[in-house]
Amino acid sequence: MRQALLLALAFGCCDGATLKYWVQPCTQPETGCRASDPELAQWAMNAWQASSDGKLKLERTEDLAHAHIRLYWANG
(Lines give C-alpha, C1' and ligand atoms only; values in the text may rest on other atoms or scores of the structure.)
Protein backbone atom coordinates (compact mmCIF):
# COMPACT_ATOMS: atom_id res chain seq x y z
CA MET A 1 0.00 0.00 0.00
CA ARG A 2 2.85 2.39 0.84
CA GLN A 3 4.38 2.02 -2.63
CA ALA A 4 1.01 2.55 -4.29
CA LEU A 5 0.46 5.71 -2.24
CA LEU A 6 3.88 7.08 -3.16
CA LEU A 7 3.28 6.37 -6.84
CA ALA A 8 -0.15 7.98 -6.70
CA LEU A 9 1.29 11.10 -5.10
CA ALA A 10 4.19 11.21 -7.57
CA PHE A 11 1.80 11.15 -10.52
CA GLY A 12 -0.53 13.74 -9.02
CA CYS A 13 -3.67 11.62 -8.81
CA CYS A 14 -4.46 12.88 -5.34
CA ASP A 15 -4.46 16.56 -6.16
CA GLY A 16 -6.87 18.13 -3.69
CA ALA A 17 -7.72 14.77 -2.12
CA THR A 18 -8.01 14.26 1.60
CA LEU A 19 -6.05 11.28 2.87
CA LYS A 20 -6.79 10.04 6.35
CA TYR A 21 -3.94 8.77 8.48
CA TRP A 22 -3.82 6.77 11.69
CA VAL A 23 -0.96 6.75 14.20
CA GLN A 24 -0.51 3.72 16.43
CA PRO A 25 -0.79 4.71 20.10
CA CYS A 26 2.52 4.58 21.92
CA THR A 27 1.48 1.96 24.47
CA GLN A 28 3.84 -0.93 23.74
CA PRO A 29 7.30 -0.30 25.25
CA GLU A 30 8.91 -3.06 23.15
CA THR A 31 8.42 -0.91 20.03
CA GLY A 32 10.85 1.67 21.37
CA CYS A 33 8.35 4.48 20.93
CA ARG A 34 8.42 7.43 23.30
CA ALA A 35 5.39 9.23 24.71
CA SER A 36 6.06 12.25 22.47
CA ASP A 37 6.39 10.24 19.24
CA PRO A 38 2.70 10.47 18.20
CA GLU A 39 3.03 14.24 18.34
CA LEU A 40 6.18 14.00 16.23
CA ALA A 41 4.20 11.96 13.68
CA GLN A 42 1.54 14.69 13.63
CA TRP A 43 4.20 17.33 12.94
CA ALA A 44 5.64 15.20 10.11
CA MET A 45 2.24 14.84 8.47
CA ASN A 46 1.64 18.60 8.82
CA ALA A 47 5.01 19.27 7.17
CA TRP A 48 4.23 16.84 4.33
CA GLN A 49 0.90 18.55 3.75
CA ALA A 50 2.48 22.01 3.81
CA SER A 51 5.17 21.02 1.32
CA SER A 52 2.56 19.75 -1.16
CA ASP A 53 1.58 23.32 -2.13
CA GLY A 54 -2.08 22.61 -1.44
CA LYS A 55 -2.20 19.42 -3.51
CA LEU A 56 -2.57 17.15 -0.52
CA LYS A 57 -4.71 17.31 2.57
CA LEU A 58 -3.92 14.95 5.43
CA GLU A 59 -6.42 14.38 8.20
CA ARG A 60 -5.78 12.33 11.31
CA THR A 61 -8.30 9.65 12.18
CA GLU A 62 -8.72 7.33 15.12
CA ASP A 63 -10.49 4.83 12.84
CA LEU A 64 -7.82 2.39 11.66
CA ALA A 65 -10.20 0.72 9.18
CA HIS A 66 -10.69 3.95 7.20
CA ALA A 67 -7.10 5.20 7.25
CA HIS A 68 -5.31 5.51 3.91
CA ILE A 69 -1.97 5.84 5.71
CA ARG A 70 -1.15 3.77 8.81
CA LEU A 71 1.85 4.58 10.95
CA TYR A 72 3.10 1.75 13.18
CA TRP A 73 5.98 1.92 15.65
CA ALA A 74 8.77 -0.60 15.19
CA ASN A 75 12.00 -1.21 17.02
CA GLY A 76 14.83 -1.26 14.49
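Note: hydrogens, waters and symmetry copies are ignored here, and every other heavy atom, side chains too, is used.
One finds the NZ atom of K20 at 12.5 Å from the CZ atom of R70 (value rounded to the nearest 0.5 Å). The distance from the CD1 atom of I69 to the OG1 atom of T61 is 12.0 Å, given to the nearest 0.5 Å. In this structure, L19 CG and H68 NE2 are separated by 6.0 Å, a value rounded to the nearest 0.5 Å. Separating the CG atom in L56 from the CG atom in L58 is a distance of 4.0 Å, to the nearest 0.5 Å. Here the OG1 atom belonging to T31 is positioned 6.5 Å from the CD atom belonging to Q24, to the nearest 0.5 angstrom.
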Practice item. Begin from the C-alpha positions of N46 and W48 and carry the test side-chain contact (heavy atoms from CB on, under 4.5 Å) through to its verdict. Key: CA-CA 5 Å; N46 290 345; W48 191 15; over 6 Å; no
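The side-chain contact (heavy atoms from CB on, under 4.5 Å) check on C26 picks up C33, P38, W73, with sequence neighbours excluded. Looking at residues two or more places apart in sequence or on another chain, you find a side chain to side chain donor-acceptor pair (under 3.5 Å) between D63 and H66. For R60, the side chain to side chain donor-acceptor pair (under 3.5 Å) partners two or more places apart in sequence, or in a different chain, are Q42.
Among all heavy-atom pairs drawn from A41 and L71, the shortest one is CB-CD1, 4.0 Å.
The ring of Y72 has its center closer than 6.0 angstrom to the ring center of W22.
The disulfide (SG to SG under 2.5 Å) analysis of residues 42-76, with sequence neighbours excluded, yields no pairs.
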